[in-house]
Undergrad: 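Mind having a look at this structure? Questions to follow.
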Amino acid sequence: MRTRYSYVKKPAMPTYIVFIGPPGVGKGTQANILAERTGLPHISSGDLFRENIQGQTELGKLAQTYINRGELVPDDVTIAMIRERLSHPDCARGALMDGFPRTPAQADAFTEMLADFGGKVDLVPCIFAPEAMLVERLSGRWTCRAQGHIFHQVNNPPQKPGVCDIDGSELYQRDDDKIETVRRRIQVYTAQTALLIAYYRQRGLLAEINGGRAIEEVTADLLAILPSRCYAETN
Ligand code: AP5
Ligand code: MG
């Protein structure tokens with residue numbers, strides 16, 4: 001007699017993609033587009049801090065003192081904030097990480113945290129572009145107040161100035177996009193975050209992406225290297 005088996009679908013292993021790159025290179029722009037294409041949530045540590053600043057939470061008050069100077073917020077509070085965010089149900093399939101981890105200590109903590117969530121870092125696209133281009137992009141950036149959608153007054157203008165095409169909310173210029181703060185952020189990236197390039201290269205996870213081209217060309221390169229399970233609802 002034939003035995004009949006009933007199969008229970010095993011949940012897919014979550015996928016975590018980590019975007020690295022200097023300020024203004026296009027991490028947020030690309031993560032927003034890939035979130036649309038894959039359904040994975042876009043987790044931006046900068047956006048989480050800005051939400052806390054807007055909500056005047058204790059974390060926001062602390063973060064603001066660092067962000068206004070272009071310095072990194074201390075690792076312990078940053079790690080705790082990200083762990084809390086990744087525990088939400090919308091991250092069950094994984095996440096597109098934009099701006100975290102940003103130091104080797106954060107990268108080690110991230111590996112441990114993902115083990116608790118049953119996953120690991122799958123891919124680290126490192127986007128690069130010349131410094132003059134970063135400064136030009138940040139000086140013309142407009143960000144949506146409600147959901148962080150990103151525009152540029154020349155490269156990617158909204159249909160109506162000052163209004164987000166996607167959700168109709170107000171567009172604003174970030175306080176840390178002042179030229180002197182941008183210069184400091186680039187220095188901090190070089191001193192502290194660029195260490196992650198070697199860190200993830202040694203682990204065979206790094207993919208270098210030329211961000212000095214049109215938004216669509218950068219997206220095409222990223223789509224070509226994303227693991228296929230990014231697109232799957234379940235395995
Ligand atoms: P965060 O918000 O992460 O800022 P950032 O890393 O400095 O990067 P940006 O958001 O400025 O640039 P982006 O690469 O996302 O570029 P975007 O897509 O917007 O962090 C802010 C601060 O928070 C930090 O300084 C720190 O204080 C704190 N912080 C955050 N994370 C932390 C952590 N883990 N630990 C400690 N502290 C932390 O694009 C820029 C512009 O260019 C836009 O106008 C866009 O339209 C345009 N653009 C994008 N791509 C293209 C293209 N290909 N061609 C032409 N224009 C383009
Ligand atoms: Mg960003």
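Read the numbers this way: they start at 1 and go in the same order the structure lists the ligands and their atoms. Remember, it's a predicted structure, so these values are computed and weren't measured experimentally. The first residue in the sequence is number 1, and the count goes up from there.
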Undergrad: Relative to the heavy atoms of T29, which atoms of ligand 1 are at a distance of less than 4.0 Å?
TA: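 Under 4.0 Å from T29, ligand 1 has these atoms: 17 (P), 18 (O), 39 (O), 45 (C), 49 (C).
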
Undergrad: Side chains of S169 and R145: any donor to acceptor distance under 3.5 Å?
TA: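 On atom types as modelled, these side chains do not qualify, holding no pair under 3.5 Å.
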
Undergrad: Looking at atom 55 (C) of ligand 1, what's its closest protein heavy atom, distance included?
TA: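 For atom 55 (C) of ligand 1, the nearest protein heavy atom is N155 ND2, 3.3 Å.
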
Undergrad: Any idea which atoms of ligand 1 are less than 4.0 Å away from a heavy-atom of S45?
TA: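 By the 4.0 Å cutoff, the relevant atoms are 30 (C), 31 (N), 32 (C), 34 (N).
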
Undergrad: N/O of D47 under 3.5 Å from N/O of ligand 1, yes or no?
TA: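 N/O-N/O distance under 3.5 Å: no.
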
Undergrad: I'd like to check whether L72 has a polar contact with ligand 1, where a contact means an N/O of the residue lying under 3.5 Å from an N/O of the ligand.
TA: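 The answer is no, given that L72 and ligand 1 share no N or O pair closer than 3.5 Å.
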
Undergrad: With atoms numbered from 1 as shown, which atoms in ligand 1 lie under 4.0 angstrom from a non-hydrogen atom of R50?
TA: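 This gives 2 (O), 21 (C) as the contact atoms.
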
Undergrad: Taking non-hydrogen atoms only, is D176 closer than 4.0 angstrom to ligand 1 via side chain, backbone, both or neither?
TA: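 Looking at D176 and ligand 1, just side chain atoms fall under 4.0 Å.
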
Undergrad: Does F151, backbone or side chain, put an N or O under 3.5 Å from an N or O of ligand 1?
TA: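 Yes, since at least one N or O of F151 sits under 3.5 Å from an N or O of ligand 1.
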
Undergrad: What residue and heavy atom of the protein are closest to atom 4 (O) of ligand 1, and at what distance?
TA: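 Heavy-atom neighbour on the protein nearest atom 4 (O) of ligand 1: R174 NH2, 3.2 Å.
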
Undergrad: Checking a contact table here: which protein heavy atom is nearest atom 29 (N) of ligand 1, and how many Å away?
TA: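 That would be F49 CE1, 3.6 Å.
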
Undergrad: Can you tell me the protein heavy atom closest to atom 26 (C) of ligand 1 and the distance?
TA: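 Result: E71 O, 3.5 Å.
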
Undergrad: Looking at I150, which atoms of ligand 1 are within less than 4.0 Å of one of its heavy atoms?
TA: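 Those qualifying, in numeric order: 18 (O), 19 (O), 43 (C), 45 (C), 46 (O).
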
Undergrad: Under 3.5 Å, is there a donor-acceptor pair linking the side chains of Q30 and T219?
TA: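 Yes, because at least one side-chain N or O of Q30 sits under 3.5 Å from a partner of the opposite role on T219.
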
Undergrad: R185 versus ligand 1: do any nitrogen or oxygen atoms come within less than 3.5 Å of each other?
TA: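 Among all N and O atoms of R185, at least one is under 3.5 Å from an N or O of ligand 1.
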
Undergrad: For atom 9 (P) of ligand 1, find the nearest protein heavy atom and state the residue, atom name and distance (0.1 Å precision).
TA: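 Closest protein heavy atom to atom 9 (P) of ligand 1: R141 NH1, 3.3 Å.
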
Undergrad: Which is it for K27 and ligand 1 at heavy atoms under 4.0 Å: side chain, backbone, both or neither?
TA: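 Both parts.
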
Undergrad: Answer yes if the side chains of H149 and N32 hold a donor-acceptor pair under 3.5 Å, and no otherwise.
TA: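 The answer is no; no qualifying pair exists.
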
Undergrad: Does a side-chain N-to-carboxylate-O contact under 4.0 Å join D116 and R83?
TA: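 Counted as a salt bridge, because a side-chain N and a carboxylate O are separated by less than 4.0 Å.
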
Undergrad: Do Y66 and D176 have side-chain atoms, one donor and one acceptor, less than 3.5 Å apart?
TA: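 Judged by distance alone, the side chains do not pair up.
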
Undergrad: Below 3.5 angstrom, do we get any N/O pair linking G26 and ligand 1?
TA: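 Checking ligand 1 against G26, an N or O pair does fall under 3.5 Å apart.
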
Undergrad: Indicate yes or no: does R183 engage E131 in a salt bridge with an N to O separation below 4.0 Å.
TA: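 A salt bridge is present here (some side-chain N lies under 4.0 Å from a carboxylate O).
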
Undergrad: Quick check: P101 and ligand 1, any N/O pair under 3.5 Å apart?
TA: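 Checking ligand 1 against P101, no N or O pair falls under 3.5 Å apart.
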
Undergrad: Examine the proximity of ligand 1 to P74 and report which part, side chain or backbone, both or neither, has a heavy atom under 4.0 Å away.
TA: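 The answer is neither.
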
Undergrad: Going by an N to O cut-off under 4.0 Å, is there a salt bridge joining K61 and E58?
TA: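 Looking at K61 and E58, the cut-off is met.
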
Undergrad: Specify side chain, backbone, both or neither for L138, according to which of its non-hydrogen atoms lie closer than 4.0 Å to ligand 1.
TA: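 The answer is the side chain.
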
Undergrad: Between the side chains of S139 and D177, does any donor sit under 3.5 Å from an acceptor?
TA: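 Checked: S139/D177 side chains show no N/O donor-acceptor pair below 3.5 Å.
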
Undergrad: At less than 4.0 angstrom from any non-hydrogen atom of G99, what atoms of ligand 1 do you find?
TA: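 Once the distances to G99 are compared, the set is 31 (N), 32 (C), 33 (C), 34 (N).
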
Undergrad: Identify the closest protein heavy atom to atom 48 (N) of ligand 1: which residue and atom is it, and at what distance?
TA: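 Ranked first by proximity to atom 48 (N) of ligand 1 is R137 CD, 3.9 Å.
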
Undergrad: Is it true that D122 and T15 share a donor-acceptor pair across their side chains at a distance under 3.5 Å?
TA: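 Result is no, nothing qualifies.
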
Undergrad: What's the shortest distance from atom 30 (C) of ligand 1 to any protein heavy atom, and which residue and atom give it?
TA: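 Going by distance alone, atom 30 (C) of ligand 1 is nearest to R102 NH1, 3.4 Å.
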
Undergrad: Looking only at protein heavy atoms, which one is nearest to atom 35 (N) of ligand 1, and what is the separation?
TA: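 Minimum-distance protein heavy atom for atom 35 (N) of ligand 1 reads Q106 NE2, 2.9 Å.
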
